[in-house]
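Here's the structure, in structure tokens; my notes come after.
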Number of protein chains: 4
Amino acid sequence: MARGAALSPRKKPRQERSRQTVAAILGAAAQVLERCGYAGATTDAIAQRAGVSVGSVYQYFPNKDAILVALVERHMDEGSRLLAGMLAEVRGKPVDLEALIRRFVDAMMALHRNDPKLHRVLFEEAPLPASLRRRLQRYEDEFAESVASLLAELPGLRMESPTLAAHIVVRSIEGLIHSFVLHPPPDIEPETFCQEVVALLVGYLR
Amino acid sequence: MARGAALSPRKKPRQERSRQTVAAILGAAAQVLERCGYAGATTDAIAQRAGVSVGSVYQYFPNKDAILVALVERHMDEGSRLLAGMLAEVRGKPVDLEALIRRFVDAMMALHRNDPKLHRVLFEEAPLPASLRRRLQRYEDEFAESVASLLAELPGLRMESPTLAAHIVVRSIEGLIHSFVLHPPPDIEPETFCQEVVALLVGYLR
Amino acid sequence: MARGAALSPRKKPRQERSRQTVAAILGAAAQVLERCGYAGATTDAIAQRAGVSVGSVYQYFPNKDAILVALVERHMDEGSRLLAGMLAEVRGKPVDLEALIRRFVDAMMALHRNDPKLHRVLFEEAPLPASLRRRLQRYEDEFAESVASLLAELPGLRMESPTLAAHIVVRSIEGLIHSFVLHPPPDIEPETFCQEVVALLVGYLR
Amino acid sequence: MARGAALSPRKKPRQERSRQTVAAILGAAAQVLERCGYAGATTDAIAQRAGVSVGSVYQYFPNKDAILVALVERHMDEGSRLLAGMLAEVRGKPVDLEALIRRFVDAMMALHRNDPKLHRVLFEEAPLPASLRRRLQRYEDEFAESVASLLAELPGLRMESPTLAAHIVVRSIEGLIHSFVLHPPPDIEPETFCQEVVALLVGYLR
DNA sequence: AATGAATGAGGCTTCATTCAT
DNA sequence: CATGAATGAAGCCTCATTCAT
């Protein structure tokens, strides 16, 4: 990891062609990371798979890690859109606990189903720069806070601390689904699994 | 990572001196991995910290991966001893569900508290050879099976599938504690957290 | 540096606009060379500072060397105009030795004062193509010859060889002023320095 | 040029073999620099000419510039030994001005005769780190100071400022010989040239 | 067995130059 | 003609591994 160096994209693509190139690079990086892991994702491999030359990669990203960061950000954006959407949707009309949890589980499942391996490489294997790690942390904390306030408003739940409960909820959903998607246990259908996760948390909160 | 190469220690250390050297190398590798991450753990760094020369490292390990594998095995051994001990202890006398879960949680906590960072590097960041990954998987499955049969014997639990339940239990404990140790949420004591995890699972199973 | 390639400007700028562009590029190259040294003077940097695209640079110069060569030629032209002017002025009316040397020193000082750093980069740091180096050499020899014949005509000088004397004169003036401008010794005024150089050479020739 | 980075040798060679390797690398670097200039002196070229692999180069030098620095230091050492020796020799017994200057000229000639092109590349073409440039400057100033005090003690010299005179002496000798060695003017023998330089300075100082 | 010097493939990055728009 | 995106050879450097001592 380049320390303190520029990690943000180098140049905003002005022409249409450039935007395509950047997209191709990010897509290629995702594929290569998924297939070969962090160590195997060389800049040459990424460029080749993107169908461009290394030079083009460096026209838009100051170094290899910047590609990674861009990818993580793309994932974070997607994730936060999904979760924010879910929260907004839920906040409006009153829902019962089970429906709430189920939505949450579904959203998380959707988030992980796309490319679970890439997710793993990106968030576990890759040595992300500290700043990005902090942002991730902050983001997860905020999300947990939202869930906490949501739980606090639900009637009929006995909790000592909504914050603690929210943490447990957020992290067990995240952890369970992550592990399920990455190492699916034999003979268990996703739907069955999701129902069980919902049962786990409803039992906990009620 | 050299794939498909020999990964088992090159030579069984027969003499005392050799055994010490191997231990020193493994200890050094653990420290370096913890401090510098996977990328920073060069063979030179490990050798230096172990107080031996690179040549000596290759006297006992055929390649860098083998060190990593040995380290993972050491951790697995420790873990399986801990968990097996717990299972044995529990199997003898009848315990109630809560006590059972609590023991499990405590064991897992003990497993992670030692050097959480090393654990993370070893099991998430490092690109373990496929064979080892399979062994880890198999081991976890076996453990889940043990838990399943244990649960099946407990009276008063309504479960559709002990296997599924065991999976949920094993993975949520593992996931929650892992994340708690690595990214401790603000203002939450370990003890409080453990109690909450227990509550989560007891609520689920009962 | 591409050796043996075409080094003369690719296309004579016929139109006003082109001439401006070429001038802008040369000016930019001078600035960039001065600020960033030879290594830092990339074609992109030059184009950017000139306010044109790299493509445009290559419209007028077949390669990077050609820019450098043009710049050196510009400097040589300026220098030879200055020195030729001085020689012409001196040849007409009879001057005494001291005035002659003083003029020479002043001209050389004027030549170096403008942008000493650029001068250094251009003539020392940059790997000029051999052909240009030869031209520079030839030019300096011719100039020394002129000085030699001038000295030969001056009465009252005892010299074994006007050629040798001229060489000594030309090169010591050049060398002293070059070094003075680039690494000014502490607490010495330019004027004082010039007088001293004059004294040196007058003492030598008389 | 690596900024602020380590430029001093990486590892003191302990074994005899290492010392040979370091010597070979420095020698090779000198040759390559001389033949190919700064730009052409790639690490691979140096390693190849030294008969070792790139890796070996980096075992002893942290980066390419460190080789250059070592070379410059070697030259500086040689130079300062030569000049210091000359100064010491001269300080003891009383010498007349001409003999003094002559010694100086001879020493400088000796310094430049070895590998004049390398000298040029090293001190003019190569972008030396600022710290080294300062050391060079300081060294040259000290030497000029020594010469100044030497001159101050000589009887029968009329100088307004020994410091200024010393500067003129040091720099004109250095400049003239440098240029003579690098671009020898046609039909002038070194001995003739040296005598002329001596004449120049004796005429100046007396 | 131990040492540490030597190896060299391979990764990251730059930048002169070309070319499609 | 101008633009700036694309190219890719080539340079620097690292580090797992081997080998002479």
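Counting heavy atoms from C-beta on, the side chains of C:V69 and C:P129 come closer than 4.5 Å. Contact of the C:L118 side chain with the C:H75 side chain is registered, since non-hydrogen atoms from C-beta on lie closer than 4.5 Å. At a threshold of 4.5 Å between non-hydrogen side-chain atoms, the residues C:P127 and C:Y38 count as touching. Within the 4.5 Å cutoff, no side-chain heavy atoms of A:L68 are placed close to those of A:L132. Proximity of C:V22 to C:R19: side-chain heavy atoms (C-beta onward) are nowhere separated by under 4.5 Å.
Residue D:Q59 has its side chain nearest to E:dA5 when only E:dA5, F:dA9, E:dC12 are considered.
Contact annotation: A:S18 does not reach the phosphate of F:dG4 (side-chain N/O to OP1 or OP2, under 4.0 Å).
Atom C1' of nucleotide E:dA1 and atom CD of B:Q20 are separated by 15 Å, given to the nearest angstrom. The OH atom of A:Y60 sits 5 Å away from the P atom of F:dA5 (whole-angstrom rounding). Atom CZ of D:F61 and atom P of F:dC12 are 15 Å apart (whole Å). As a whole-Å value, the separation of A:Y58 OH from F:dA9 P is 17 Å. One interatomic measurement links the two molecules: CG of C:N63 to C1' of E:dA16, which rounds to 9 Å at whole-angstrom precision. Atom CZ in D:R19 sits about 15 Å away from atom P in E:dG4, given to the nearest Å.
When each of C:T21 and B:A41 is assigned the nucleotide of DNA chain F bearing its nearest heavy atom, the one mapping closer to the 5' terminus is C:T21. If you find the closest nucleotide of DNA chain F to D:K64 and to A:V54, the one lying nearer the 5' end belongs to A:V54.
D:S56 comes within 4.0 angstrom of a nucleotide base, judged by non-hydrogen atoms across all strands. D:V57 comes within contact range of no nucleotide atom at all, as no heavy-atom separation falls under 4.0 Å.
Within 6.0 Å of CD on B:Q137 lie more than 12 heavy atoms contributed by other residues, nucleotides or ligands.
Summarising the geometry of A:A41 relative to A:L33, their closest heavy-atom pair is CB-CD2, 3.6 Å, with the distance given to 0.1 Å. The two residues D:I67 and D:L26 make their nearest non-hydrogen contact at O-CD2, 4.0 Å.
Side-chain atoms of B:R49 do not come within 3.5 Å of backbone N or O of B:G27 as any donor-acceptor pair.
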Watson-Crick and G-U pairing of DNA chain E, under 3.5 Å, as dot-bracket with | and [ ]:
.||||||||||||||||||||
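Across residues 43-53 of chain B, B:V52, B:S53 each have a non-hydrogen atom less than 4.0 Å from an atom of DNA chain E (numbered order).
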